[in-house]
Amino acid sequence: MLKLKGESKFFKTGNSFGLRLTKNDKEILQANPGDEFEKTISPDGQTITFRKKQQISSKTKDMIKQLFNDNQELMERLKDE
């Protein structure tokens with residue numbers, strides 16, 4: 001059974017601050033060092049939500065690059081509108 005609630009300690013590291021994640025948190029998030037997250041803080045400053053950014057495969061990046069290259073003239077015209 002997944003443990004979805006718990007506590008996290010706020011700490012200082014160098015000139016930055018952090019919130020510690022447990023090994024269980026890491027496994028649930030399927031997170032690895034270097035992964036990027038989007039952060040949203042509630043207006044009252046009481047809630048922080050982190051959402052893992054989806055990774056784009058190199059195959060998809062190559063396909064997008066090829067599409068832009070193949071349609072460079074069209075992309076330039078769209079950019080100006």
Which pairs of donor and acceptor atoms, one on a side chain in residues 5-17, lie under 3.5 Å apart (sequence neighbours left out)?
from	atom 1	to	atom 2	distance (Å)
Ser8	OG	Arg20	N	3.2
Ser8	OG	Arg20	O	2.3
Lys12	NZ	Gly14	O	2.7

Would you give me the side-chain donor-acceptor pairs under 3.5 Å for residues 62-69, sequence neighbours excluded?
from	atom 1	to	atom 2	distance (Å)
Gln66	NE2	Asp70	OD1	2.7
Gln66	NE2	Asp70	OD2	3.4
Asn69	ND2	Lys65	O	3.4

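By the side chain to side chain contact (heavy atoms under 4.5 Å, CB included) test, Lys39 pairs with Ile41, Ile48, Phe50, sequence neighbours left out.
Scanning all heavy atoms of the two residues, the minimum distance from Asn32 to Lys26 falls at OD1-NZ, 3.8 Å. Pairing each heavy atom of Gln30 with each of Asp35, the nearest pair is O-OD2, 3.8 Å.
No side-chain donor-acceptor contact under 3.5 Å links Thr22 and Asn24.
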